[in-house]
Amino acid sequence: MSDFTPTRDDKFTFGLWTVGQTGRDPFGEATRPALGAPYIVERLAALGAYGVNLHDNDLVPIDASAQERDRIVAEFRQALSDHGLVVPMATTNLFSDPAFKDGAFTSADARVRAYALQKTMRSMDLGAELGASTYVFWGGREGTEVDASGKLLDALAWFRDSLNFLADYSDSQGYGFRFALEPKPNEPRGDIFFPTAGSMLGFIATLDRPERFGVNPEFAHDTMAGLNFTHAVAQIIDAGKLFHIDLNDQKMGRFDQDLRFGAENLKTAFFLVKLLEDSGYDGPRHFDAHALRTEDEAGVWAFARGCMRTYLMLREKARQFDADADIRAALGAYRVDDAELAELTRGFTPEKADALKAREFDRVALGRRGPGLEQLDQLTVELLLGLRG
Ligand code: GLT
Ligand code: MN
Ligand code: MN
């Protein structure tokens, strides 16, 4: 039995911006010092992480000279190779600079849209140089407060044009990126375009090369809006579009809290881990979260260790769930299989339709059956509380 210490094989990753977060929020200044990127690499490696992800400006300041950029990147690459970490994912900061205050790819100003493309191409160059294979787009500023702007349909078209352009850029450079689009309903904009996984999936189908694009769902983003994150991830997996995932936690209906994984909704986290493991998803488990503002540096590493330990503990619980005889019996009783009906209802033929229409069902008996879900759920709670052997 594991002692829940992660190894590289668990593929846990953190963004430079996550453990590097200094506690700044809209109401208060930083509460802990910034950490250098090479130091973050060293500490994450010691904790058993697999990789580190970044925005361009997490590593290279937006106004750095070419020489400064090359020096910073060389030092970072040295740290990665010294400590055996990889960079599986890269992304662009298209939200912090005032130039992007009314959107990047969806700005009403053609100059901002062009600058966003330029910045993203340069950031893709950096990601490719660091070996990243996944490229995330989180459109934090792609939205509105004022729909009198009248740009809703234009914004969708501008966003599509930009992604098509960048997919072709990736091909022209031989980067081979898989792009992962990250939905969020609001914050920092009043309303962000593409608020849910389903809206991203619908949009991806309209791109020139939809096979290059998938989704990067985030636990907190669906939970903020009162949605069931595990259901969203199931739909993304079903569509073959789970290219990356952001794990964290969140109270429903609040500002984006980015809490430690499992800190708030343990049962949902359990079913999410079970779904990921059962599905065979083999990409990074990325923690897009940060330590509470109350914490010092020790609290940051306790946070990072906690994210990974909780994932591993829930993975162990998922194995126990599958092996538990009472749970297996409850699940067996819940599902009713019928080979003849399965044949009749799969693959339309006029004969099957006629046979089905002629079939007698005991509707009242169907409605009378108790599926045993209360018992199944209680067994799950007891398992999670460690009270089932
Ligand atoms: C920012 C945001 C996240 C995104 C990151 C990638 S940046 O922290 O809150 O959800 O995944 O751009
Ligand atoms: Mn995220
Ligand atoms: Mn978030």
Check the pair Arg388 / Asp326 against salt bridge (Lys or Arg N to Asp or Glu O under 4.0 Å), numbers first and verdict last.
-> CA-CA 10 Å; Arg388 291 198 56 75; Asp326 292 336; 2.7 Å; yes
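- Ring to ring, Phe159 and Phe203 are close: their centroids are under 6.0 angstrom apart.
- Each of Gln78, Glu42, Arg43 was compared with His83 under the side chain to side chain contact (heavy atoms under 4.5 Å, CB included) criterion, and only Glu42 meets it.
- Using a 4.5 Å cut-off between side-chain heavy atoms of Ile, Leu, Val, Met, Phe, Trp and Tyr, with links allowed through other members, Tyr311 and Leu383 fall into the same hydrophobic cluster.
- The main-chain N or O of Asp3 is found under 3.5 Å from a side-chain atom of Arg309 such that the two form a donor-acceptor pair.
- In Arg8, the CZ atom is crowded: over 12 heavy atoms of neighbouring residues, nucleotides or ligands sit closer than 6.0 Å.
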Go through Lys267 and Asp377 one step at a time and tell me if the salt bridge (Lys or Arg N to Asp or Glu O under 4.0 Å) criterion holds.
-> CA-CA 10 Å; Lys267 203 169 161 197; Asp377 193 59; 3.0 Å; yes
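- Between Tyr175 and Tyr135, the gap from one ring centroid to the other reaches at least 6.0 Å.
- Under the 4.5 Å side-chain heavy-atom criterion for ILVMFWY residues, no single connected hydrophobic cluster contains both Leu272 and Met252.
- Side-chain atoms of Arg32 come within 3.5 Å of backbone N or O of Glu295 as a donor-acceptor pair.
- Under the 30°/60° scheme for interplanar angles, the aromatic rings of Phe95 and His55 are found to stand perpendicular.
- The number of heavy-atom neighbours closer than 6.0 Å to NZ of Lys352, taken from other residues, nucleotides and ligands shown, is above 12.
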Go through the steps to decide whether Lys184 and Asp246 satisfy the test salt bridge (Lys or Arg N to Asp or Glu O under 4.0 Å), and finish with yes or no.
-> CA-CA 12 Å; Lys184 187 175 185 185; Asp246 281 357; over 6 Å; no
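- Taking CG of Leu242 as the reference point, atom CD of Gln235 lies at 12.0 Å (rounded to 0.5 Å).
- For Thr120 (side chain) and Ala116 (main-chain N/O), a donor-acceptor pair under 3.5 Å exists by modelled atom type.
- Distance check, rounded to the nearest 0.5 Å: CG of Leu247 to CG of Asp288 gives 9.0 Å.
- Side-chain contact check for Asp56 and Asn93: no donor-acceptor pair (N or O, by modelled atom type) lies under 3.5 Å.
- Side-chain atoms of Asp258 and Asn248 include a donor-acceptor pair closer than 3.5 Å.
- With hydrogens and angles left out, the side-chain atoms of Thr310 and Arg260 include no donor and acceptor closer than 3.5 Å.
- Residues Phe243 and Met89 are members of separate hydrophobic clusters, defined by side-chain heavy-atom contacts under 4.5 angstrom among Ile, Leu, Val, Met, Phe, Trp and Tyr.
- A single hydrophobic cluster is seen to contain both Val19 and Leu16, as judged by linkage of ILVMFWY side chains at heavy-atom distances under 4.5 Å, directly or through other members.
- Side chain of Arg285 to main chain of Lys11: no donor-acceptor pair is present (N/O by atom type, distance under 3.5 Å, no hydrogens or angles).
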Hey, mind stepping through Glu277 and Arg319 against salt bridge (Lys or Arg N to Asp or Glu O under 4.0 Å) and telling me if it holds?
-> CA-CA 10 Å; Glu277 298 296 324; Arg319 289 178 184 146; 5.4 Å; no
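- For residues 358-375, every residue pair satisfying the side chain to side chain donor-acceptor pair (under 3.5 Å) rule, not counting sequence neighbours, is listed here: Glu340-Arg359.
- Expressed to the nearest 0.5 Å, how far NE2 of His290 lies from CD of Gln257 amounts to 9.0 Å.
- In this structure, Leu366 places its CG atom where more than 12 heavy-atom neighbours from other residues, nucleotides or ligands lie under 6.0 Å away.
- Between Asp125 and Arg69, none of the side-chain N atoms (NZ, or NE/NH1/NH2) sits under 4.0 Å from a carboxylate O, so this pair counts as no salt bridge.
- The backbone N or O of Gln250 sits less than 3.5 Å from a side-chain atom of Asn265, completing a donor-acceptor pair.
- Ring geometry for Phe219 against Phe229 counts as tilted: the plane angle lies between 30° and 60°, on a 0 to 90° scale.
- Using a cut-off of 4.0 Å between Lys/Arg side-chain N and Asp/Glu carboxylate O, Asp97 and Lys119 are scored as not salt-bridged.
- A donor-acceptor contact shorter than 3.5 Å is absent between the side chain of Thr223 and the backbone of Ala220.
- Sorted by first then second residue, the ring pair (Phe, Tyr, Trp, His ring centres under 6.0 Å) pairs that include residues 314-367, not counting sequence neighbours, are Phe270-Phe321.
- Judged purely by distance below 3.5 Å, without hydrogens or angles, the side chains of Asp109 and Ser107 never pair a donor atom with an acceptor atom.
- Outside the 6.0 Å centre-distance limit, the rings of Phe12 and Phe14 are not counted as a close aromatic pair.
- Cluster membership for Phe179 and Trp138, using ILVMFWY side-chain heavy atoms within less than 4.5 angstrom, is not shared.
- Note: Phe261 and Phe287 have tilted aromatic rings, judged against thresholds of 30 and 60 degrees for the angle between ring planes.
- For the pair Asn57 (side chain) and Val60 (backbone), a donor-acceptor distance under 3.5 Å is present.
- Counting only distance, with no hydrogens or angles, the side chain of Arg328 and the backbone of Asp322 share a donor-acceptor pair below 3.5 Å.
- Asp161 pairs by the salt bridge (Lys or Arg N to Asp or Glu O under 4.0 Å) definition with nothing, not counting sequence neighbours.
- Side chain of Ser279 to backbone of Tyr281: a donor-acceptor contact under 3.5 angstrom is found.
- Taking the six-membered ring wherever Trp is involved, the centroid distance between the rings of Phe100 and Tyr115 falls below 6.0 Å.
- Checked by atom type and distance alone, the side chain of Lys251 never pairs as donor or acceptor with a backbone atom of Glu264 at under 3.5 Å.
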